[in-house]
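Residue numbering restarts at 1 for every chain, and letters A, B, ... go by the order of the sequence lines. Quick caveat: nothing in here was measured; it's all calculated off a predicted structure.
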There are 2 protein chains.
Amino acid sequence: MQQCCVNILHMKVTRNTAAKGAILDLITNSDSALSHSEIHKLTADLCDRVTIYRILDRLVNEDVIHKIVNLDGTIKYAKCHHANHVHIHNHVHFSCEKCLKVTCMENVQPSYIIPRNYKVNDVNFTLSGLCPNCL
Amino acid sequence: MQQCCVNILHMKVTRNTAAKGAILDLITNSDSALSHSEIHKLTADLCDRVTIYRILDRLVNEDVIHKIVNLDGTIKYAKCHHANHVHIHNHVHFSCEKCLKVTCMENVQPSYIIPRNYKVNDVNFTLSGLCPNCL
DNA sequence: TTTTAAATGCAACAATGTTGCGTTAATATT
DNA sequence: AATATTAACGCAACATTGTTGCATTTAAAA
Ligand SMILES: [Mn+2]
Ligand SMILES: [Mn+2]
Ligand SMILES: [Zn+2]
Ligand SMILES: [Zn+2]
């Protein structure tokens, strides 16, 4: 009765499927964060469009991948490379205006001072401009 | 031949209209950032849905208001209260998970160190959690 | 192998954002 | 004040994105 994966919020057992594995591989091996539509195009007929939404939600809730909100409002998905499993996702993301790639900068963690009467649960720091490849 | 307002990117003359004035007032007097749909509801029959999109774009391009991308990908609009006109918009935004309000924290400006081979043009820092009213 | 319920496909729907075009009206010019 | 210019508008039509319900399939525990 070994459980392979769980939704860390609801402590509900989840399952591994072919589509889930393929999408996770895609995200893991990508050098930039991917949106739903990008994944949809890259996977062709792997599975239904709705299934991709559900798989992405599942992977996020399992804390395997994380969401990044791009400056135009599009949501992208990436996999952290650091080891810690349950994590506050407090690093910077860079959104290149030319090649349109969004990348995690896991070693850039901004510091800020916020009044004590706020409780911070999550963080989304995005810088945009030109990446090294496009500069 | 005094020009009232211009698109600062294209240096093109823009015009003031009743709908534009009303929407700017709404945003100026709001204590939190507003989305297109919120503005649409608040203005009732002021103008067409499409016109609101175009007015918001115009106000952003005139550098009168600014966009804030919320953690769920929804885009909100706010007006800075500081004086400087053309500005890098580098302050933090706070997104409350309970009351769902998004507010500018103009005096919170994070510091970060990014490699020199990146060129930063814009910044979007959003914190989410509980605001003082909801804590 | 059997059981169970998570995951899927599909259809239908809702929300959000975009484009083209004929008309209206803000503003500069006369 | 009248006129000319063209930005802004309304409307319809469309595209994209995300959601929900339900019957069927299938991963994985028993
Ligand atoms: Mn990241
Ligand atoms: Mn702001
Ligand atoms: Zn680039
Ligand atoms: Zn609140």
Only distances under 3.5 Å count here; give the side-chain donor-acceptor pairs of residues 13-27 of chain A to other protein atoms, sequence neighbours excluded, each with its distance to 0.1 Å.
unit_1, atom_1, unit_2, atom_2, d
A/Thr14, OG1, A/Cys5, O, 3.1
A/Thr14, OG1, A/Glu62, OE2, 2.6
A/Asn16, OD1, A/Lys20, NZ, 3.0
A/Thr17, OG1, A/Lys20, N, 3.2
A/Lys20, NZ, A/Arg15, O, 3.3
A/Lys20, NZ, A/Glu62, OE1, 3.2
A/Lys20, NZ, A/Glu62, OE2, 3.0

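Members clustered with A/Leu135: A/Leu130, by chain and number, using a 4.5 Å side-chain heavy-atom cutoff among hydrophobic residues. Side-chain heavy-atom separations under 4.5 angstrom define the hydrophobic clusters, and the remaining members of the one that includes A/Ile68 are A/Val102.
Using a 30° and 60° split on the angle between ring planes, B/His36 and B/Tyr53 fall in the parallel class, below 30°.
Checked against side chain to side chain donor-acceptor pair (under 3.5 Å), A/Asn124 has the following partners two or more places apart in sequence or in another chain: A/Thr126. Listed by chain and residue number, nothing satisfies the side chain to side chain donor-acceptor pair (under 3.5 Å) test with A/Thr51 (two or more places apart in sequence, or in another chain). Listed by chain and number, the residues in a side-chain contact (heavy atoms from CB on, under 4.5 Å) with A/Asn133 are A/Cys131 (sequence neighbours excluded).
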How does protein contact run along nucleotides 11-17 of chain D, one letter per nucleotide 5' to 3', with B for base contact, S for sugar-phosphate only, - for none, heavy atoms under 4.0 Å? BB----B

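In this structure, the CG atom of B/Asp57 is 11 Å from the P atom of D/dA8, given to the nearest Å. Atoms CD1 (A/Ile75) and C1' (D/dT19) sit 14 Å apart, rounded to a whole Å. As a whole-Å value, the separation of B/Asn70 CG from C/dT16 C1' is 15 Å. In this entry the distance linking CG of A/Asp45 with C1' of C/dC10 reads 15 Å, nearest Å. Taking atom CG on B/Asp72 and atom C1' on C/dA15, their separation rounds to 13 Å, with Å as the unit.
Among residues at least two apart or in separate chains, salt bridge (charged side-chain N to carboxylate O under 4.0 Å, His left out) pairs with a member in residues 97-114 of chain A are A/Asp31-A/Lys101. A salt bridge (charged side-chain N to carboxylate O under 4.0 Å, His left out) check over residues 38-60 of chain A, counting only residues at least two apart or in different chains, returns the pairs A/Glu38-A/Lys76. Screening residues 114-135 of chain A for ring-ring contact (aromatic ring centres under 6.0 Å, His included), with sequence neighbours left out, gives A/Tyr112-A/Phe125, A/Tyr118-B/Phe94, A/Phe125-B/Phe125.
Over its full length, the helix from C/dT1-D/dA30 to C/dT30-D/dA1 turns its helical axis through 40°, comparing axes from the five pairs at each end and rounding to 10°.
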All N/O contacts under 3.5 Å from nucleotides 4-7 of chain C to the protein, with atom names and distances to one decimal?
unit_1, atom_1, unit_2, atom_2, d
C/dA5, N3, A/Arg15, NH2, 3.3
C/dA6, O4', A/Arg15, NE, 3.3
C/dA6, O4', A/Arg15, NH2, 3.4
C/dA6, N3, A/Arg15, NH1, 3.2
C/dA7, OP1, A/Arg15, N, 2.6
C/dA7, O3', A/Arg58, NH2, 3.2

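Shown here is B/Ile113, whose CD1 atom has no more than 12 heavy atoms of other residues, nucleotides or ligands within 6.0 Å.
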